[in-house]
**Q** 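Sharing a structure with you now.
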Amino acid sequence: MQLISREEIKTLIEQPKGNCVSIYMPTHPAGPEVRQDPIRFKNLVKEAETRLIDAGLEEKDAIALLEKSHEIDTQEFWEQMGEQGLAIFISEDIFRYYPLPIDFQELVVVTDRFHIKPLLPILNGNGRFYILALSQQDVRFFEGTRYSINEVEVENLPKSLDEALQKDETVKEGQFRLATSRGGTTANSFSQPGTFHGQGSPDKDKQQEYILQFFQIIDRALHKKLKLQKAPLVLAGVEYLLPLYRQANTYQHLMDEAITGNPEILSAQELHNQAWPIVEADFQKSQQAVLEQFHELFGGDTGKASNKLQEVVSAAYYQRVDSLLVAVGQQQWGLFDPTSETVYLHPEKEAGDEDLLDFVAAHTLLNGGTVYAVPFEQIPYSTAVAAIYRY
């Protein structure tokens with residue numbers, strides 16, 4: 001299972017405005033309830049059709065837009081779902097679906113952009129983390145969540161010290177060269193990759209230098225994949241390698257705590273079982289820090305925190321929101337007029353409305369803020385939002 005990423009969510013948000021259909025439904029990985037999932041799916045698609053027509057689309061055009069959904073409505077698809085929830089996004093140019101480990105409430109939203117708030121728990125408390133299993137003979141990289149673990153191929157990531165040396169373009173005539181930390185090179189003769197011989201045979205310090213340079217190669221490969229990510233990275237390896245990798249590391253979200261021991265003898269699931277308690281504590285700590293900061297700022301006269309939706313909508317639109325707690329599983333329908341900076345709240349959905357809770361979450365995410373989509377009862381003062389401002 002591949003989880004939806006922050007970048008994919010941003011891509012959904014940034015789609016050109018038009019008729020955008022978002023469908024969320026709970027599914028059943030196994031058991032007799034599986035037979036109900038296709039029926040529930042058809043009912044939700046029919047509801048989407050009705051809403052498109054209510055929004056002014058001709059019936060034939062609504063049917064044509066939703067025709068893409070039939071691609072997944074097969075017996076094989078439902079039998080192999082294996083997840084708790086399904087998110088589907090349909091527009092004129094887009095058809096994407098994501099089986100996900102989230103027990104979604106049934107929801108159909110038809111507005112001029114995709115509805116993304118139910119996806120956001122993937123990005124925080126239940127969310128993504130990485131494991132880098134290090135050894136000189138076997139390097140593995142994993143992407144995990146509370147529920148799953150998958151090994152991921154990373155472009156130019158060497159699997160071993162030997163492979164790193166063999167792939168180095170400066171290997172010529174029995175020598176290898178690896179960039180030093182100061183930008184120069186070192187040259188040594190070798191008969192087998194990773195085995196050092198000849199005059200000036202490296203001692204323990206020299207061997208550590210080679211390992212450090214090997215880890216710098218790994219870090220450069222990971223940098224290309226992780227440069228826009230904020231998910232925690234957990235190291236797994238024997239103790240003497242870990243400080244060397246930390247010296248080479250440039251990823252800002254490397255965890256202090258690591259899995260110690262030989263990772264070569266651990267399966268992906270065993271690595272997951274040891275990594276999850278490490279990252280779960282970090283997820284909870286970061287959310288708790290936001291709560292504490294909100295209480296501190298909200299209690300004073302700083303103007304840097306608010307739980308009034310009308311204020312937060314405008315602040316999110318103008319890129320002022322740094323951290324946001326927003327209630328998942330709830331909607332507040334209304335409109336925001338940027339020209340007059342007016343927010344209109346409606347008790348029931350009216351023509352042209354959108355979920356303003358989704359609006360503030362989407363704009364905070366797009367503008368580089370952090371969003372915690374949490375149950376309503378976890379937000380201070382029984383409100384649907386709590387925001388900390390940049391200024």
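Just so it is clear, the model here is predicted, and its values are computed rather than measured.
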**Q** Donor-acceptor pair, N249 side chain versus R246 backbone, under 3.5 Å?
**A**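 No.
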**Q** Here's one to test your reading of the geometry: is the NZ or CZ of R320 within 45 degrees of the ring axis of Y389 and under 6.0 Å from its centre?
**A**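 Yes, R320 lies over the aromatic ring of Y389.
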**Q** Counting only heavy atoms from other residues, nucleotides and ligands, does the tally under 6.0 Å from CZ of F95 exceed 12?
**A**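 Count over threshold, so yes.
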**Q** Is it true that the side chains of E209 and Q213 contain a donor and an acceptor less than 3.5 Å apart?
**A**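 Result is yes, a qualifying pair exists.
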**Q** Check the pair F294 / N307 against side chain to side chain contact (heavy atoms under 4.5 Å, CB included), numbers first and verdict last.
**A** CA-CA 10 Å; F294 175 82; N307 65 355; 4.1 Å; yes
**Q** Verify, without hydrogens or angle tests, whether K230 (side chain) and Q252 (backbone) share a donor-acceptor contact under 3.5 angstrom.
**A**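 Here the side-chain-to-backbone pair does not exist.
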**Q** Is there a side-chain contact between Q274 and I131 (heavy atoms, below 4.5 Å)?
**A**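 With C-beta onward as the side chain, the pair stays apart.
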**Q** If we ignore angles and hydrogens, is there a donor and acceptor under 3.5 Å between the side chains of Q288 and Q284?
**A**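 Absent: no donor and acceptor within the cut-off.
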**Q** Charged N to carboxylate O below 4.0 Å: is that the case for K46 and E49?
**A**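 Salt bridge: yes.
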**Q** Would you mind telling me which of L120, L291, I379, V328 makes a side chain to side chain contact (heavy atoms under 4.5 Å, CB included) with V374?
**A**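 With V374 as partner, L120, L291, I379, V328 yield a single side chain to side chain contact (heavy atoms under 4.5 Å, CB included), made by I379.
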**Q** Any side-chain donor paired with an acceptor under 3.5 Å for Q269 and N273?
**A**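 A pair is found: one side chain offers a donor N or O, the other an acceptor, under 3.5 Å apart.
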**Q** Tell me, do Q330 and F376 make a side-chain contact under 4.5 Å, heavy atoms counted?
**A**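 Yes, at least one pair of side-chain atoms sits under 4.5 Å.
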**Q** Using ring pair (Phe, Tyr, Trp, His ring centres under 6.0 Å) as the criterion, list what pairs up with F215, not counting sequence neighbours.
**A**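 Y245.
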**Q** Is there a side-chain contact between V326 and Y372 (heavy atoms, below 4.5 Å)?
**A**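 No, too far: nothing below the 4.5 Å cut-off.
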**Q** Are E14 and K10 ion-paired here, with the side-chain N under 4.0 Å from a carboxylate O?
**A**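 K10 and E14: not salt-bridged.
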**Q** Run the ring pair (Phe, Tyr, Trp, His ring centres under 6.0 Å) check on Y317 and F336 step by step: do they pass?
**A** CA-CA 9 Å; Y317 182 82; F336 173 59; 5.2 Å; yes
**Q** Classify the ring geometry of H272 against W276: parallel below 30°, tilted from 30° to 60°, perpendicular beyond 60°.
**A**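 Parallel.
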**Q** Looking only at heavy atoms, what is the nearest atom pair of Y240 and I211, with distance?
**A**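 Looks like CE1-CD1, 4.4 Å.
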**Q** If we count only N and O atoms by modelled type, under 3.5 Å, do the side chains of Q378 and Q287 hold a donor and an acceptor together?
**A**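 The answer is yes; a qualifying pair exists.
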**Q** Please determine which of V21, L357, D355 meets the side chain to side chain contact (heavy atoms under 4.5 Å, CB included) test together with H115.
**A**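 By the side chain to side chain contact (heavy atoms under 4.5 Å, CB included) criterion, H115 pairs with just one of V21, L357, D355: D355.
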**Q** A side-chain contact here means heavy atoms from C-beta on lying under 4.5 Å apart; do Q36 and H28 qualify?
**A**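 They are not in contact (no side-chain heavy atoms under 4.5 Å apart), so the answer is no.
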**Q** When you look at Q229 and E7, which way does the side-chain hydrogen bond (donor to acceptor under 3.5 Å, both in side chains) test go after all the steps?
**A** CA-CA 9 Å; Q229 301 299 324; E7 285 63 45; 2.7 Å; yes
**Q** If every non-hydrogen atom of R140 is compared with every non-hydrogen atom of P263, which pair is closest and at what distance?
**A**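 That closest heavy-atom pairing would be NH2-O, 2.7 Å.
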**Q** So, the side chain of R113 versus the backbone of Q15: is there a donor-acceptor pair under 3.5 Å, distance only?
**A**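 No, because the side chain of R113 does not come within donor-acceptor range (under 3.5 Å) of the backbone of Q15.
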**Q** Restricting to non-hydrogen atoms, name the atom on H253 and the atom on A231 that form the minimum distance, rounded to 0.1 Å.
**A**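 Shortest heavy-atom separation between H253 and A231 comes out as CB-O, 3.6 Å.
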**Q** Under the side chain to side chain contact (heavy atoms under 4.5 Å, CB included) criterion, do V321 and V360 qualify, and how do the steps go?
**A** CA-CA 9 Å; V321 177; V360 297; over 6 Å; no
**Q** Measuring from Q216:CD to T250:OG1, what's the distance to the nearest 0.5 Å?
**A**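 Interatomic distance, Q216 CD to T250 OG1, rounded to 0.5 Å: 10.0 Å.
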**Q** Please walk me through it: do K42 and D73 pass salt bridge (Lys or Arg N to Asp or Glu O under 4.0 Å)?
**A** CA-CA 8 Å; K42 289 181 175 66; D73 190 16; 2.8 Å; yes
**Q** Assess, by modelled atom type and distance only, whether the side chains of T342 and D337 contain a donor and an acceptor separated by less than 3.5 Å.
**A**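 There is no such pair (donor and acceptor under 3.5 Å, judged by atom type) between the side chains of T342 and D337.
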**Q** Can a salt bridge be assigned to the pair R35 and D37 using a cut-off of 4.0 Å between side-chain N and carboxylate O?
**A**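 No, this pair does not count.
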**Q** Excluding sequence neighbours, so at least two apart, what forms salt bridge (charged side-chain N to carboxylate O under 4.0 Å, His left out) with K224?
**A**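 Expected list: none.
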**Q** If you measure from CD on E153 to CZ on F141, what distance do you get to the nearest 0.5 Å?
**A**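 Those atoms lie 11.5 Å apart.
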**Q** If two hydrophobic side chains count as joined below 4.5 Å and joins carry through other members, does Y344 share a cluster with V312?
**A**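 No, Y344 does not connect to V312 through the hydrophobic network.
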**Q** Using a 4.5 Å cut-off on heavy atoms from C-beta on, say whether the side chain of I218 contacts that of P158.
**A**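 Yes. Closest side-chain heavy atoms under 4.5 Å.
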**Q** If you define the side chain from C-beta out and look only at heavy atoms, does anything of I265 sit under 4.5 Å from N262?
**A**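 Yes, their side chains come closer than 4.5 Å.
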**Q** So, for E354 and W333, which heavy atoms are closest and what is the spacing to 0.1 Å?
**A**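 Smallest heavy-atom distance, with atoms named: C-CE3, 3.3 Å.
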**Q** Working to the nearest 0.5 Å, report the span between CZ of F41 and CD of E106.
**A**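 So the CZ of F41 and the CD of E106 are separated by 12.0 Å.
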**Q** Taking 4.0 angstrom as the limit, do E280 and K285 come out as a salt bridge?
**A**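 Between K285 and E280 there is no salt bridge, as every charged N stays at least 4.0 Å from the carboxylate O atoms.
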**Q** Compare all side-chain heavy atoms of V313 with those of F359 and state whether any distance is below 4.5 angstrom.
**A**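 Touching, per the 4.5 Å side-chain cut-off.
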**Q** What distance separates L324 CG from N367 CG, expressed to the nearest 0.5 Å?
**A**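 The CG atom of N367 is 11.5 Å from CG of L324, to the nearest 0.5 Å.
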**Q** Can you sort out the partners of Q310 under side chain to side chain donor-acceptor pair (under 3.5 Å), two or more places apart, ordered by chain and number?
**A**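 Not a single residue meets the side chain to side chain donor-acceptor pair (under 3.5 Å) criterion with Q310.
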**Q** Are the ring centres of Y381 and F298 closer than 6.0 Å?
**A**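 Yes, they do, as the ring centres are separated by less than 6.0 Å.
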**Q** State whether the number of non-hydrogen atoms from other residues, nucleotides or ligands found under 6.0 Å of E377 atom CD is greater than 12.
**A**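 Count over threshold, so yes.
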**Q** Does the side chain of E311 pick up a donor-acceptor pair with the side chain of S306 at under 3.5 Å?
**A**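 Yes.
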**Q** Does some side-chain heavy atom of S160 sit less than 4.5 Å from a side-chain heavy atom of D138?
**A**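 Sidechains of S160 and D138: no contact.
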**Q** Do L356 and L309 pass the side chain to side chain contact (heavy atoms under 4.5 Å, CB included) test, and can you show the C-alpha distance, the side-chain angles, and the key distance before you say yes or no?
**A** CA-CA 8 Å; L356 293 177; L309 181 58; 4.2 Å; yes
**Q** Judged by modelled atom types alone, do E264 and S135 share a side-chain donor-acceptor pair under 3.5 Å?
**A**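 Side-chain D/A pair, E264 to S135: present.
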**Q** Working to the nearest 0.5 angstrom, can you tell me the gap between F114 CZ and I88 CD1?
**A**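 Separation between the atoms: 11.5 Å.
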**Q** Just wondering, more than 12 heavy atoms not from E270 lying within 6.0 Å of its CD?
**A**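 For E270, atom CD is crowded (more than 12 foreign heavy atoms under 6.0 Å).
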**Q** Does a salt bridge link D358 with K117, judged by any charged N lying under 4.0 Å from a carboxylate O?
**A**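 Salt bridge: no.
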**Q** What are the two closest non-hydrogen atoms of A62 and L52, and how far apart are they?
**A**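 Taking A62 first and L52 second, the nearest heavy atoms are CB-CB, 3.9 Å.
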**Q** Main chain of I388, side chain of S323: is a donor-acceptor contact present, judged purely on distance under 3.5 Å?
**A**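 No; judged by distance alone, with no hydrogens or angles, the pair does not exist.
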**Q** Got a second to check how far L297's CG is from H295's NE2, nearest 0.5 Å?
**A**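 These two atoms lie 11.0 Å from each other.
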**Q** Report the C-alpha separation of Y98 and Y24 in whole Å, then their side-chain angles, then the decisive distance to 0.1 Å, and conclude whether the side chain to side chain contact (heavy atoms under 4.5 Å, CB included) test is met.
**A** CA-CA 10 Å; Y98 302 91; Y24 294 90; over 6 Å; no
**Q** How close do L86 and P99 get, heavy atom to heavy atom, and via which atoms?
**A**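 Heavy atoms of L86 and P99 come nearest at CD1-N, 4.0 Å.
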**Q** So, S91 side chain and N19 main chain: donor-acceptor pair closer than 3.5 Å or not?
**A**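 Not a single qualifying donor-acceptor pair exists.
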